[in-house]
Novice: 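Have a look at this one before I ask anything.
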Amino acid sequence: MKPLRRRGLMYVMSSPSGAGKTTITRALLKNNEDLTISISTTTRKRRAGEVHGQDYYFATPDEFRDLVDNGEMLEHAKVFDNYYGTPRAPVEEALANGKDVIFDIDWQGTQQLAELAREDLVTVFILPPARAELEKRLRARSKDTLESETEIRGRMAKASDEMSHYSEYDYVIINNNVDEAIKKAQLILDAERLKRHRAMGLSDFVRGLKGGL
Ligand SMILES: Nc1nc2c(ncn2[C@@H]2O[C@H](COP(=O)(O)OP(=O)(O)O)[C@@H](O)[C@H]2O)c(=O)[nH]1
Ligand SMILES: [Mg+2]
């Protein structure tokens, strides 16, 4: 008997910036061979250390608009003052090859994916343990980019805005401790992979177990 195949799932991680989402996502990718990340396209400026095609695909606003107009984006949204979107083809290809796909997208993108494929979607919202901690992480990060106080205030306001959408998600992880948060994200993935509706050919399989009747 062939092993049962499973529908690939779309695993969405959202959080305000500075909640530890990138660390958690990277750990999951490292620990799960059959998981692949969706690399987004954005019009925002490339930061030092970011690699085109690895962190993001960087595009001009005109290029971005063309991609949207040609139906090449699965979802897209304006975040801060920039556009972000999920290229459609790599996601469809990964799912067709039986892989699960992880997404680092905001609440707007999550809502759009839910409209397209709610059954295949698993959504997790990551919260920082405390406001002071969030501010500390944003400040530490801004040292690299010499952000002004106004910009940091702006990021805190944006974080509040993003966090107000936590209740639209299936799961919430409070990131008190990153190793614990990674474990929780893995548990969710493992349990969701076992959902009955993701198994293909289950009724035939059970019919066989019952002796073909
Ligand atoms: N809707 C949507 N949001 C995205 C996409 N890619 C990234 N984002 C979100 O855009 C926000 C800003 O991301 P980024 O510019 O990397 O800054 P960060 O806050 O330091 O991670 C984050 O909330 C991401 O989750 C995308 O393809 N679609
Ligand atoms: Mg990011």
Side-chain angles (χ1 to χ4, degrees), residues 10-29 36-61 63-68 71-92 94 101-117 121-128 133-148 151-166 168-169 172-173 175 178 181 185:
M10 299 161 78
Y11 196 33
V12 171
M13 296 266 170
S14 296
S15 76
S17 58
K21 177 178 47 181
T22 307
T23 315
I24 297 170
T25 308
R26 287 205 183 129
L28 287 176
L29 284 168
T36 172
I37 191 160
S38 163
I39 299 167
S40 298
T41 301
T42 182
T43 61
R44 88 145 158 71
K45 283 208 191 71
R46 191 170 66 82
R47 295 178 189 149
E50 284 183 328
V51 178
H52 179 81
Q54 194 173 309
D55 298 284
Y56 281 105
Y57 295 104
F58 297 95
T60 65
E63 288 166 343
F64 193 92
R65 200 168 312 115
D66 281 348
L67 290 169
V68 172
E72 289 178 45
M73 291 297 187
L74 205 51
E75 62 75 32
H76 65 96
K78 194 173 181 188
V79 185
F80 283 112
D81 288 324
N82 294 117
Y83 290 94
Y84 293 82
T86 301
R88 179 190 299 276
V91 174
E92 290 180 346
V101 184
I102 192 164
F103 299 80
D104 169 351
I105 61 175
D106 81 333
W107 62 272
Q108 304 175 80
T110 307
Q111 285 186 354
Q112 292 170 53
L113 292 190
E115 279 169 27
L116 287 175
L121 201 65
V122 177
T123 63
V124 179
F125 201 90
I126 298 162
L127 289 171
E133 179 64 26
L134 181 67
E135 187 161 350
K136 202 174 93 188
R137 291 184 197 171
L138 283 181
R139 280 183 189 283
R141 187 181 295 192
S142 73
K143 279 199 199 118
D144 309 336
T145 52
L146 297 172
E147 278 177 45
S148 66
E151 279 167 326
I152 293 169
R153 293 267 151 266
R155 283 189 162 254
M156 285 299 282
K158 172 66 180 45
S160 302
D161 198 44
E162 181 76 24
M163 284 189 288
S164 62
H165 291 275
Y166 77 92
E168 295 161 24
Y169 285 72
V172 170
I173 295 176
N175 187 7
V178 74

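Every number for a ligand or one of its atoms is a count from 1 in the order of the listing.
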Novice: From the options Tyr56, Phe58, Tyr57, Phe64, select the one residue that forms a ring-ring contact (aromatic ring centres under 6.0 Å, His included) with Tyr83.
Specialist: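 Going through Tyr56, Phe58, Tyr57, Phe64 one by one, the ring-ring contact (aromatic ring centres under 6.0 Å, His included) with Tyr83 is satisfied by Phe64 alone.
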
Novice: Do any nitrogen or oxygen atoms of His76 come within less than 3.5 Å of a nitrogen or oxygen of ligand 1?
Specialist: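 No, His76 has no N/O under 3.5 Å of an N/O on ligand 1.
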
Novice: Distance to 0.1 Å, residue and atom name: give those for the protein heavy atom nearest to atom 20 (O) of ligand 1.
Specialist: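 Of the protein heavy atoms, Arg141 NH1, 2.9 Å lies nearest.
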
Novice: Side chain, backbone, both or neither: which applies to Glu162 and ligand 1 if a contact is any heavy-atom pair less than 4.0 Å apart?
Specialist: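 Near ligand 1, Glu162 shows nothing, with every heavy atom at 4.0 Å or more.
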
Novice: If you have a sec, work out which protein heavy atom is nearest atom 25 (O) of ligand 1 and how many Å separate them, to one decimal?
Specialist: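 Checked against all protein heavy atoms, atom 25 (O) of ligand 1 sits closest to Asp104 OD1, 2.7 Å.
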
Novice: Which residue and non-hydrogen atom of the protein lie closest to atom 23 (O) of ligand 1, and at what distance in Å?
Specialist: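 Nearest protein contact, heavy atoms only, for atom 23 (O) of ligand 1 is Lys21 NZ, 3.8 Å.
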
Novice: Can you find a pair of side-chain heavy atoms, one from Glu50 and one from Arg44, that are under 4.5 Å apart?
Specialist: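 A side-chain contact under 4.5 Å exists here.
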
Novice: Sequence neighbours excluded, which residues qualify as side-chain hydrogen bond (donor to acceptor under 3.5 Å, both in side chains) partners of Glu72?
Specialist: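 With sequence neighbours excluded, Glu72 shows a side-chain hydrogen bond (donor to acceptor under 3.5 Å, both in side chains) to no residue whatsoever.
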
Novice: Looking only at distances, please establish whether an N/O atom of ligand 1 is found under 3.5 Å from an N/O atom of Lys158.
Specialist: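 No.
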
Novice: Show your working on salt bridge (charged side-chain N to carboxylate O under 4.0 Å, His left out) between Glu92 and Arg88 and close with a plain yes or no.
Specialist: CA-CA 6 Å; Glu92 290 180 346; Arg88 179 190 299 276; 3.7 Å; yes

Novice: Any side-chain heavy atom of Phe103 sitting closer than 4.5 Å to one from Ser38?
Specialist: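 Sidechains of Ser38 and Phe103: in contact.
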
Novice: Quick one: list whatever passes ring pair (Phe, Tyr, Trp, His ring centres under 6.0 Å) with Phe125, sequence neighbours left out.
Specialist: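 So Phe125 forms a ring pair (Phe, Tyr, Trp, His ring centres under 6.0 Å) with Tyr169.
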
Novice: Below 4.0 angstrom from a heavy atom of Arg44, which ligand 1 atoms are there? Numbered from 1 as shown, please.
Specialist: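 Listed by number with element, the hits are 14 (P), 15 (O), 16 (O).
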
Novice: For the residue pair Ile105 and Thr86, establish whether any side-chain heavy-atom pair is separated by less than 4.5 Å.
Specialist: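 Ile105 reaches Thr86 side chain to side chain.
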
Novice: Atoms of ligand 1 less than 4.0 Å from Ser17 heavy atoms?
Specialist: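 Within the 4.0 Å cut-off of Ser17, ligand 1 contributes 18 (P), 19 (O), 20 (O).
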
Novice: Relative to ligand 1, is Tyr56 under 4.0 angstrom through side chain, backbone, both or neither, heavy atoms considered?
Specialist: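 For Tyr56, the contact with ligand 1 is made by the side chain alone.
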
Novice: Under 4.0 Å from any heavy atom of Gly109, which atoms of ligand 1 are there?
Specialist: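 Under 4.0 Å from Gly109, ligand 1 has these atoms: 1 (N).
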
Novice: Could you tell me whether Tyr166 atom OH has more than 12 heavy atoms of other residues or ligands within 6.0 Å of it?
Specialist: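 Open.
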
Novice: Suppose I only count heavy atoms of Thr86 and a 4.0 Å limit; which atoms of ligand 1 are within that range?
Specialist: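 Answer for ligand 1: 27 (O).
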
Novice: For atom 3 (N) of ligand 1, what's the nearest protein heavy atom and its distance?
Specialist: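 Here the closest protein heavy atom is Asp106 N, 3.2 Å.
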
Novice: Test of understanding: given a 4.0 Å heavy-atom threshold, classify the contact between Glu75 and ligand 1 as side chain, backbone, both, or neither.
Specialist: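 The answer is the side chain of Glu75.
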
Novice: Would Arg47 count as being in polar contact with ligand 1, using the rule that some N or O on each side must be under 3.5 angstrom apart?
Specialist: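 N/O-N/O distance under 3.5 Å: yes.
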
Novice: Which bit of Val79 gets closer than 4.0 Å to ligand 1, counting heavy atoms only: side chain, backbone, both or neither?
Specialist: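 For Val79, the contact with ligand 1 is made by the side chain alone.
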
Novice: Among all protein heavy atoms, pick the one closest to atom 12 (C) of ligand 1 and tell me residue, atom and distance.
Specialist: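 The answer is Tyr84 OH, 3.6 Å.
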
Novice: Give the residue and atom name of whichever protein heavy atom lies nearest to atom 6 (N) of ligand 1, and the separation in Å to one decimal.
Specialist: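 Going atom by atom, the protein heavy atom closest to atom 6 (N) of ligand 1 ends up being Ser40 OG, 3.1 Å.
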
Novice: Using a 6.0 Å distance limit plus a 45 degree cone around the ring axis, check whether Lys78 lies over the aromatic ring of Tyr84.
Specialist: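 That pair does not qualify as a cation-pi contact.
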
Novice: Which atoms of ligand 1 have any heavy atom of Ala77 under 4.0 Å away?
Specialist: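 So the atoms of ligand 1 that pass are 1 (N).
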
Novice: Do the side chains of Pro128 and Met163 get nearer than 4.5 Å, heavy atoms only?
Specialist: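 Of all side-chain heavy-atom pairs linking Pro128 with Met163, at least one is under 4.5 Å.
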
Novice: Please examine the side chains of Gln111 and Glu168, heavy atoms only from C-beta on, and report whether any two atoms are closer than 4.5 Å.
Specialist: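 Yes, their side chains come closer than 4.5 Å.
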
